[in-house]
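Report on one structure; see the data block that follows.
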Amino acid sequence: MQIMHSSSLRCRLIVITGPSGVGKGSLVKQLLVRHPEIWLSVSATTRSPREGEINGEHYFFLEKDRFKELVRNEGFLEWAEFAGNSYGTPRKEVKEKLSSGKDVLLEIELKGARQVRKNFPEAIQIFLAPPSFEELERRIRGRGTDDEDAISRRLLRAKEELKAQDEFDAVVINADFETALLELEEKLALHRL
Ligand code: 5GP
């Protein structure tokens with residue numbers, strides 16, 4: 001489905017999903033530089049921080065027990081297991097930002113995107129795809145942040161995620177960064193600054 005272009009149509013809750021290594025992080029980062037009106041939700045995870053990742057900025061890095069407690073207390077808008085770790089979107093912050101009139105962006109994996117679709121059908125969901133599976137594998141390996149086991153799990157999951165791309169409102173192929181960014185802005189009906 002193509003999203004209509006109209007200045008009266010404002011995106012409120014935006015979901016960006018795509019396989020690990022597709023370049024979601026860099027594209028989202030640049031999107032936020034160009035559109036400071038969008039607020040990016042900081043997720044919680046049980047994964048250990050990668051080099052350079054800051055608690056509260058990239059993720060809230062939580063112990064497994066604390067994560068489970070938040071799940072029990074319905075602290076997450078959605079949550080999922082991914083490659084051996086848990087990831088979740090803090091509910092309170094997202095609700096607060098939405099009610100203060102901010103656009104909220106969630107950068108999450110497929111199972112989470114499905115939960116959001118069920119609970120917030122009005123959310124706009126974009127899938128970021130690589131130009132090919134081989135290129136995705138090259139990018140994941142080139143990143144050098146994961147061990148072989150994590151790489152295999154991420155690649156397996158990527159295959160599943162790629163099969164689900166038609167569920168999304170729009171698909172953006174990240175072959176060239178600038179082109180993908182422009183396309184993302186277009187699909188979200190955002191006006192360039
Ligand atoms: P990474 O470990 O590479 O930072 O993230 C692994 C995957 O988890 C990525 O696909 C990322 O989009 C996803 N992810 C990050 N935060 C969340 C979240 O809050 N919920 C869900 N469902 N997935 C998330």
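Any value given below was found using the heavy atoms of this structure, including those in side chains, with hydrogens, waters and symmetry copies removed. Numbers here are sequence positions counted from 1. Whatever order the structure lists ligands and atoms in, that order sets their numbers, starting from 1.
Here ring-ring contact (aromatic ring centres under 6.0 Å, His included) pairs that include residues 126-163, with residues two or more places apart or in two chains, are Phe127-Phe168.
Side-chain atoms of Arg143 and Ser20 include a donor-acceptor pair closer than 3.5 Å.
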Distance-only check: which donor-acceptor pairs under 3.5 Å involve side-chain atoms of residues 59-72, not counting sequence neighbours?
unit_1: Arg66; atom_1: NH1; unit_2: Glu69; atom_2: OE2; d: 3.1

Identify each donor-acceptor pair in which a side-chain atom of residues 82-96 lies under 3.5 Å from a protein atom, sequence neighbours left out, and give them as a table.
unit_1: Ser86; atom_1: OG; unit_2: Glu81; atom_2: OE2; d: 3.0
unit_1: Tyr87; atom_1: OH; unit_2: Arg47; atom_2: NE; d: 3.4
unit_1: Thr89; atom_1: OG1; unit_2: Glu78; atom_2: OE2; d: 2.4
unit_1: Arg91; atom_1: NE; unit_2: Glu74; atom_2: O; d: 2.9
unit_1: Arg91; atom_1: NH2; unit_2: Phe76; atom_2: O; d: 2.9

Contact table, ligand 1 N/O with protein N/O, distance under 3.5 Å:
unit_1: ligand 1; atom_1: 2 (O); unit_2: Arg47; atom_2: NE; d: 2.6
unit_1: ligand 1; atom_1: 2 (O); unit_2: Tyr87; atom_2: OH; d: 2.5
unit_1: ligand 1; atom_1: 2 (O); unit_2: Arg154; atom_2: NH2; d: 2.9
unit_1: ligand 1; atom_1: 3 (O); unit_2: Arg50; atom_2: NH2; d: 3.1
unit_1: ligand 1; atom_1: 3 (O); unit_2: Arg154; atom_2: NH1; d: 2.9
unit_1: ligand 1; atom_1: 4 (O); unit_2: Arg47; atom_2: NH2; d: 2.9
unit_1: ligand 1; atom_1: 4 (O); unit_2: Tyr59; atom_2: OH; d: 2.6
unit_1: ligand 1; atom_1: 5 (O); unit_2: Tyr59; atom_2: OH; d: 3.3
unit_1: ligand 1; atom_1: 10 (O); unit_2: Lys24; atom_2: NZ; d: 2.9
unit_1: ligand 1; atom_1: 12 (O); unit_2: Lys24; atom_2: NZ; d: 3.4
unit_1: ligand 1; atom_1: 12 (O); unit_2: Glu107; atom_2: O; d: 3.4
unit_1: ligand 1; atom_1: 12 (O); unit_2: Glu107; atom_2: OE2; d: 2.9
unit_1: ligand 1; atom_1: 16 (N); unit_2: Ser43; atom_2: OG; d: 3.0
unit_1: ligand 1; atom_1: 19 (O); unit_2: Ser43; atom_2: OG; d: 2.7
unit_1: ligand 1; atom_1: 19 (O); unit_2: Glu78; atom_2: OE2; d: 3.4
unit_1: ligand 1; atom_1: 19 (O); unit_2: Gly88; atom_2: N; d: 3.4
unit_1: ligand 1; atom_1: 19 (O); unit_2: Gly88; atom_2: O; d: 3.1
unit_1: ligand 1; atom_1: 19 (O); unit_2: Thr89; atom_2: N; d: 3.3
unit_1: ligand 1; atom_1: 19 (O); unit_2: Thr89; atom_2: OG1; d: 3.3
unit_1: ligand 1; atom_1: 20 (N); unit_2: Glu78; atom_2: OE1; d: 3.3
unit_1: ligand 1; atom_1: 20 (N); unit_2: Glu78; atom_2: OE2; d: 2.7
unit_1: ligand 1; atom_1: 22 (N); unit_2: Glu78; atom_2: OE1; d: 2.8
unit_1: ligand 1; atom_1: 22 (N); unit_2: Glu109; atom_2: OE2; d: 2.6
unit_1: ligand 1; atom_1: 23 (N); unit_2: Glu109; atom_2: N; d: 3.1

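Here the side chain of Gln165 pairs a donor or acceptor atom with the backbone of Leu162 at under 3.5 angstrom.
Lys29 and Glu107 are not joined by a salt bridge, as no carboxylate oxygen comes within less than 4.0 angstrom of a charged side-chain nitrogen.
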